[in-house]
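Remarks on the structure that follows.
The figures that follow rest on heavy atoms only: side chains count, while hydrogens, waters and symmetry mates do not.
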Amino acid sequence: MQQLVLDMGLPTGPGLANYFPGPNEAALAHLKLWLGRAGDIVRTPVPTYLWGGSACGKTHLLKAVRAALQEQGVAAGWLDASAPVAPEFDESWACVLMDDVHAYSSAQQQVAFNWFVHAQTLQMAVLASGGLPPADLKLRDDLRTRLGGGHVFALQALSETERRAVLRQAADARGIFLSDEVMDFMLTRFSRDLGSLMELLDLMDGYALQTQRAITIPLIKAMMDNA
């Protein structure tokens, strides 16, 4: 069966609290330390670079940092490979966030380099992510060396065993029983990244409560038919 990728449309977005680190605890702890607490914030200007393959949580972590900064009442510059036009650099930003730098066009690399220079001049941190370690990025030299000039963390995707453990823990916290058959169905028929699986669990929980049924494979199929 072709794998389904759901557009869940749920209001809960990426946050540090709903990032399940697994082998990436060091990166999560670093970002929490960097963010600090409201009223007691001294953020280092040293850049941070996160790299790894798909589904390891790079974008989730950067968006979580942006959301945490917004909760603290400050803004951050954001640049990713899908952005056709970048905003002007703003000296009031708390930091600069650059996502998927490995896919930047020449024009985006120019913007990223300019932002980096401005940020360094103002002692403002740059937090970036990419699919490759800094030395292997096919970017202009002056940008690549800056990306690798601070804290560098290699992120790893959770193993299937770790995904299952997280799903089981989340289900138990909701008072939901997930049979092995349901777990297998979730992991083979839907997007396997943990964020999508957790959102699927939320939908299943809501649909089960609405229909007063236990969570089974027929219930999931009925939920999809009614989506």
Side-chain angles (χ1 to χ4, degrees), residues 1-29 31-32 50-68 70-71 78 80-83 97 99-100 102-103 129-131 153-227:
M1 183 184 294
Q2 185 176 2
Q3 191 178 65
L4 298 174
V5 179
L6 299 180
D7 179 10
M8 301 297 181
L10 295 180
T12 55
L16 296 179
N18 62 13
Y19 177 76
F20 301 93
N24 306 315
E25 181 61 46
L28 179 61
L31 293 176
K32 287 181 176 179
L50 312 172
W51 70 272
S54 62
C56 67
K58 304 184 300 293
T59 298
H60 181 116
L61 285 174
L62 288 190
K63 288 184 175 179
V65 168
R66 181 173 62 176
Q70 289 173 344
E71 290 178 1
W78 179 273
D80 62 51
S82 66
L97 303 170
D99 194 28
D100 285 341
H102 62 277
S129 78
F153 294 91
L155 302 185
Q156 302 175 46
L158 296 184
S159 67
E160 180 164 325
T161 299
E162 289 169 326
R163 280 200 213 64
R164 286 176 179 269
V166 169
L167 282 172
R168 185 78 70 193
Q169 182 180 11
D172 289 346
R174 291 169 170 80
I176 299 171
F177 172 71
L178 287 184
S179 68
D180 291 338
E181 291 78 10
V182 167
M183 191 88 72
D184 291 341
F185 189 81
M186 293 173 67
L187 289 166
T188 56
R189 298 295 190 268
F190 300 92
S191 177
R192 294 170 63 86
D193 72 275
L194 191 58
S196 294
L197 288 170
M198 295 301 291
E199 292 178 339
L200 174 61
L201 181 62
D202 284 336
L203 282 183
M204 289 161 45
D205 186 19
Y207 190 74
L209 288 172
Q210 177 185 345
T211 58
Q212 295 295 300
R213 295 167 58 187
I215 294 180
T216 60
I217 292 175
L219 175 129
I220 299 173
K221 290 180 176 179
M223 180 184 75
M224 295 305 302
D225 289 341
N226 292 324

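- Leu201 and Ala170 get closest at one heavy-atom pair: CD2-CB, 3.7 Å.
- We find the CG-CG distance between Leu155 and Leu61 to be 6.5 Å, quoted to the nearest 0.5 Å.
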Verdict with supporting geometry, Phe20 and Glu162, side chain to side chain contact (heavy atoms under 4.5 Å, CB included): CA-CA 10 Å; Phe20 301 93; Glu162 289 169 326; over 6 Å; no

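- Between the Asp80 side chain and the Ala83 main chain, a donor and an acceptor come within less than 3.5 Å of each other.
- We find that Lys63 and Asp99 are not joined by a salt bridge, their nearest charged nitrogen and carboxylate oxygen being 4.0 Å or further apart.
- Atom CG of Asp202 sits about 4.5 Å away from atom CZ of Arg174, to the nearest 0.5 Å.
- For Ser129 (side chain) and Asp100 (main-chain N/O), a donor-acceptor pair under 3.5 Å exists by modelled atom type.
- Residues Leu158 and Pro23 approach most closely at CD2-CD, 3.7 Å, considering heavy atoms.
- The two residues Pro21 and Leu28 make their nearest non-hydrogen contact at CG-CD2, 3.8 Å.
- Contact record, Asn24 with Cys56: ND2-O, 3.8 Å, taken as the closest heavy-atom pair.
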Audit row: Phe177, Asp172, side chain to side chain contact (heavy atoms under 4.5 Å, CB included) steps and yes/no: CA-CA 7 Å; Phe177 172 71; Asp172 289 346; over 6 Å; no

Arg168 vs Asp180, salt bridge (Lys or Arg N to Asp or Glu O under 4.0 Å): CA-CA, chis, key distance, verdict: CA-CA 10 Å; Arg168 185 78 70 193; Asp180 291 338; 3.1 Å; yes

Criterion side chain to side chain contact (heavy atoms under 4.5 Å, CB included) on Thr211 and Met223, from CA distance to verdict: CA-CA 10 Å; Thr211 58; Met223 180 184 75; over 6 Å; no

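- Relative orientation of the Phe190 and Phe185 rings is perpendicular, given thresholds of 30° and 60° on the angle between their planes.
- Remark: side-chain polar atoms of Gln212 are paired, donor with acceptor, to backbone N or O of Leu209 under 3.5 angstrom.
- Note that the OH atom of Tyr207 and the CG atom of Asn226 stand 4.0 Å from one another [nearest 0.5 Å].
- The main-chain N or O of Gly52 is found under 3.5 Å from a side-chain atom of Lys58 such that the two form a donor-acceptor pair.
- Contact check for Arg163 versus Leu197: side-chain heavy atoms found under the 4.5 Å cut-off.
- Once rounded to the nearest 0.5 Å, the distance linking CG of Leu16 with NE2 of His60 reads 7.0 Å.
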Side chain to side chain contact (heavy atoms under 4.5 Å, CB included) evaluation trace for Met186 with Val182: CA-CA 6 Å; Met186 293 173 67; Val182 167; 4.1 Å; yes

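- Note: Arg189 CZ to Leu200 CG = 13.0 Å, rounded to the nearest 0.5 Å.
- Within a 6.0 Å sphere centred on CD of Gln169, heavy atoms belonging to other residues, nucleotides or ligands number 12 at most.
- Using a 4.5 Å cut-off on side-chain heavy atoms (C-beta onward), Lys221 and Thr216 make no contact.
- Taking CZ of Arg213 as the reference point, atom CE of Met204 lies at 12.0 Å (rounded to 0.5 Å).
- Side-chain atoms of His102 come within 3.5 Å of backbone N or O of Gly131 as a donor-acceptor pair.
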